J.: 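I'd like to ask some things about the structure below.
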2 protein chains.
Amino acid sequence: MKWSELNDNWCPVARTLSIVGDRWTLLILRDCYLGKTKFEEFAASGGMTRHLLADRLKRLVEVGVLERRAYCTAPKRFDYVLTAKGEELRPALAIMKEWGKKHLPVRRTAVEG
Amino acid sequence: MKWSELNDNWCPVARTLSIVGDRWTLLILRDCYLGKTKFEEFAASGGMTRHLLADRLKRLVEVGVLERRAYCTAPKRFDYVLTAKGEELRPALAIMKEWGKKHLPVRRTAVEG
DNA sequence: CCCCAGCGTTTCTTTCTGGAACTTTCGTTT
DNA sequence: AAACGAAAGTTCCAGAAAGAAACGCTGGGG
């Protein structure tokens, strides 16, 4: 089986991963949950290259996890907002957040308190 | 930021994804939750190549999500079982499973009763 | 007109992935 | 005893994807 065929896999987990299972998509969703909507906001988030960001956003819009809205017509500007479908993945990210906090403390001797 | 630096990211989601955020790792975990333990079982699961499987298993053991046990000494055989740490990611997969079932129906008129 | 901000696209190089054969270690068959 | 087969990886190479950074386009301001 190739990755590109996962979307027809018998397993619903595999089908979900065919959308969000790559290296950057869940990180984009995290930014969405944090309230980011604009291309430059995602780009500034220190994540992937603009190239990949554009690609992933397009894909997320295609599958209906995000919606691309024109928030400004004069200088055609778009932002990306979560759909209901996209919101439903939030709990999965929340679990990963708790898991990371619990099991993966930052190694750099941080000055947390 | 490069992918390899995510493990020190300020965001716990990013740190979690530095481990499970690649194309195949969550699929391996799914197999674990389904009760698979042996290399050949994972390999037969129609997932990645043996090359990647070996790599991902090694990584999951390194970070303590799986444990590599010798289940047979004579012809040195190993299997991989979930640790408590690994079990704690199960809910995230469960959410993805429900999400996939709800939003990504299989297109081939499947008979999964 | 030139510069700036916002939103991508293009180009080039490096790294990763996919597929299959190969290795190693025993246990079994002939 | 040599061949065979299973389990668990490793190695090799071509092709796909990712990374870096500059370029393109649109409209506003000075």
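Chain letters run A, B, ... following the sequence lines, proteins first, then strands; residues in each count from 1. On a predicted model such as this, the values are computed, not experimentally measured, just so you know.
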J.: What is the distance from NZ of Lys36(B) to P of dA7(D), rounded to the nearest Å?
T.: 14 Å

J.: Do NZ/NE/NH1/NH2 and the carboxylate oxygens of Glu62(A) and Arg68(A) come within less than 4.0 Å?
T.: no

J.: Could you check if a side-chain atom of Leu52(B) sits within less than 4.5 angstrom of a side-chain atom of Arg23(B), using non-hydrogen atoms only?
T.: no

J.: Treat primed atoms plus P, OP1 and OP2 as sugar-phosphate and everything else as base, then score nucleotides 3-12 of chain C 5' to 3': B for base contact with protein heavy atoms under 4.0 Å, S for sugar-phosphate contact only, - for none.
T.: ---BBBBB--

J.: Are Arg56(B) and dG9(D) close enough that a side-chain N or O sits under 4.0 Å from OP1 or OP2?
T.: no

J.: What is the distance, rounded to the nearest whole Å, between atom CZ of Arg59(B) and atom P of dC16(C)?
T.: 12 Å

J.: Answer yes or no: does a side-chain N or O of Trp24(B) lie under 4.0 Å from OP1 or OP2 of dT17(C)?
T.: no

J.: For Arg23(B) and dT17(C), what is the distance between atoms CZ and P respectively, to the nearest whole Å?
T.: 8 Å

J.: Taking the six-membered ring of Tyr71(A) as reference, does the cationic atom of Lys38(A) (NZ for Lys, CZ for Arg) lie under 6.0 Å from its centre and within 45° of its axis?
T.: yes

J.: Find the distance between CG (Leu26(B)) and CG (Leu26(A)) and round it off to the nearest 0.5 Å.
T.: 8.0 Å

J.: Whole-Å distance between dG9(D) P and Leu60(B) CG?
T.: 13 Å

J.: Paired stems touching DNA chain D, three or more consecutive Watson-Crick or G-U pairs with both distances under 3.5 Å?
T.: C:1-30 with D:1-30

J.: Under a 4.0 Å N-O cut-off, is there an ion pair linking Arg69(A) with Asp79(A)?
T.: yes

J.: Taking 4.0 angstrom as the limit, do Lys85(B) and Glu88(B) come out as a salt bridge?
T.: no

J.: Look up atom CG in Leu29(A) and atom CD1 in Ile19(A), then write down how far apart they are to the nearest 0.5 Å.
T.: 10.0 Å

J.: Between atom CG in Leu53(B) and atom P in dT10(D), what is the gap in whole Å?
T.: 11 Å

J.: Do Leu66(A) and Cys32(A) have side chains that approach each other closer than 4.5 Å (heavy atoms only, starting at C-beta)?
T.: yes

J.: Between P on dT15(C) and CG on Leu52(B), what's the gap in Å once rounded to a whole number?
T.: 17 Å

J.: Test question: given the 4.5 Å side-chain rule for I, L, V, M, F, W and Y, name all other residues clustered with Trp10(B), or answer none.
T.: Leu34(A)

